[in-house]
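Only one structure is covered here, and it is reproduced in the block below.
Owing to the predicted nature of the structure, the values given are computational and were not obtained by experimental measurement. Residue numbering restarts at 1 for every chain, and letters A, B, ... go by the order of the sequence lines.
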Amino acid sequence: MPELPEVETVRNTLKRKVLNKTITRVDILYDKIIKTDLATFKNNLVNQTIIDIERKGKYLLFKLNDYYLISHLRMEGKYSLKKATDAIEKHTHVIFHFADDTELRYLDVRKFGTMHLKPIEKVYMGEPLEKLGLEPFDEGFTVAYLKSKFTGNRPIKNVLLDQEIIAGLGNIYVNEILFLAKLHPEKPVNQLTEQNLMDIIEASKVTLEKAIKLGGTTIRSYTSDDNVTGRFQNELLVHGKVNEPCPVCQTPIIKIKVSGRGTYLCPHCQKL
DNA sequence: GTTGACACCTGGACGC
DNA sequence: TGCGTCCAGGTGTCAA
């Protein structure tokens with residue numbers, strides 16, 4: 001599933017392919033993807049040129065002349081640049097036609113992805129970006145910030161997945177970060193020490209930087225593009241490694257459920 | 001206000 | 001081979 005490193009990979013790939021292309025028409029094959037009024041969405045995109053592609057958390061932001069197209073890939077969303085004459089693939093839900101007879105197609109097997117269209121000056125007002133928390137790479141992502149946010153007795157895993165606290169982390173990277181920080185996923189946040197918080201910050205940065213460098217994680221359900229494969233899955237320490245030896249102590253990795261999410265940990269290194 | 005459960009979705013894996 | 005069931009999981013919604 002696309003998390004921050006995967007979205008960053010998609011952003012970099014798309015920037016090479018669609019920058020400066022002008023939209024002439026938009027076809028929407030599955031309405032629920034679009035969270036803005038459909039007619040407004042289609043009409044306002046015509047004659048808009050893609051000036052830049054940015055990212056905020058897991059959101060992809062297409063900067064146009066007058067608007068931001070805000071796209072969330074959720075579980076399996078992906079973009080593919082095709083010629084207008086190419087056959088429409090299964091699971092294609094939105095098609096952006098360009099003036100040069102190419103098309104940017106949005107494909108999403110599970111149909112979970114979302115798209116918003118907002119005027120440039122209002123991009124961070126209201127849904128979906130207003131409430132997003134800091135990213136691990138932001139200057140303000142400090143022990144003091146985490147202290148202010150880590151209130152109550154919620155499990156640390158739930159809090160790390162909360163996009164209003166930390167933007168960009170998903171299940172895979174949270175499993176990896178908690179392993180590196182030697183923290184049990186169910187440990188209540190109000191029991192964490194300052195050292196724990198420093199370890200979380202360090203592990204978040206190390207994990208995400210490495211994942212971005214390697215092009216993200218390609219698993220069964222997700223690739224960033226038709227021909228782009230991430231290599232971070234080869235570097236995973238615990239995620240999906242049930243019964244395999246812990247890379248630190250050789251204890252078999254176990255899998256538990258935390259709030260319904262598949263959670264991998266070393267029971268020796270990550271004690272509750 | 002906070003927290004957890006559930007729905008949204010489809011395809012792959014697995015058991016029978 | 002075919003069928004049924006479970007699982008994967010980000011986020012919005014709703015109930016407790």
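Residues A:N175 and A:E127 each lie close to DNA chain C; by heavy-atom proximity, the contact nearer the 5' end of the strand is made by A:N175.
The distance between atom CZ of A:F112 and atom C1' of B:dC9, rounded to the nearest whole Å, is 4 Å. The CD atom of A:E164 sits 12 Å away from the P atom of C:dT13 (whole-angstrom rounding). If you take CG of A:L169 and C1' of C:dG9, they are 15 Å apart, rounded to a whole angstrom. Put simply, CZ on A:R74 is 16 Å from P on B:dA7, counting in whole angstrom units. A:N158 places its CG atom 14 Å from the C1' atom of C:dT11, with the value rounded to the nearest Å. When rounded to the nearest whole Å, the span between CG of A:L60 and C1' of C:dG10 equals 16 Å. In this structure, A:H93 atom NE2 and B:dC8 atom P are separated by 16 Å, rounded to whole Å. One can place CD of A:E76 at 18 Å from P of B:dC8, the figure rounded to the nearest angstrom.
Look at A:Q163 and you won't find any side-chain N or O under 4.0 angstrom from OP1 or OP2 of C:dG10. Between C:dG10 and A:R261, a contact under 4.0 Å exists linking OP1 or OP2 to a side-chain N or O. Contact annotation: A:H72 does not reach the phosphate of C:dG10 (side-chain N/O to OP1 or OP2, under 4.0 Å). Distances shorter than 4.0 Å separate some side-chain N or O of A:R154 from OP1 or OP2 on B:dT3. In this model, the phosphate group of B:dG11 is approached by a side-chain N or O of A:H91 to a distance below 4.0 Å at OP1 or OP2. In this structure, A:K111 reaches the B:dT10 phosphate: one of its side-chain N or O atoms is under 4.0 Å from OP1 or OP2. Put simply, A:K58 has a side-chain N or O that comes within less than 4.0 Å of OP1 or OP2 on C:dT11.
Relative ring orientation between A:F41 and A:F96 is described as tilted, the plane-to-plane angle lying within the 30° to 60° band. Classification of the A:F62-A:Y79 ring pair by plane angle, with boundaries at 30° and 60°, yields perpendicular.
Proximity note for A:K32 (side chain, C-beta onward) versus C:dG12, B:dC9, B:dT10: the nearest is B:dC9.
Under a 3.5 Å cut-off, the side chain of A:E176 and the backbone N or O of A:H239 do form a donor-acceptor pair.
Within 4.0 Å of A:K90, counting heavy atoms only, lie sugar-phosphate atoms of the nucleic acid but no base atom. Within 4.0 Å of A:K131, counting heavy atoms only, lies no atom of the nucleic acid at all.
For the residue pair A:K157 and A:T263, a side-chain donor N or O sits within less than 3.5 Å of a side-chain acceptor on the partner.
Atom NZ of A:K35 has more than 12 neighbouring heavy atoms from other residues, nucleotides or ligands inside a 6.0 Å radius.
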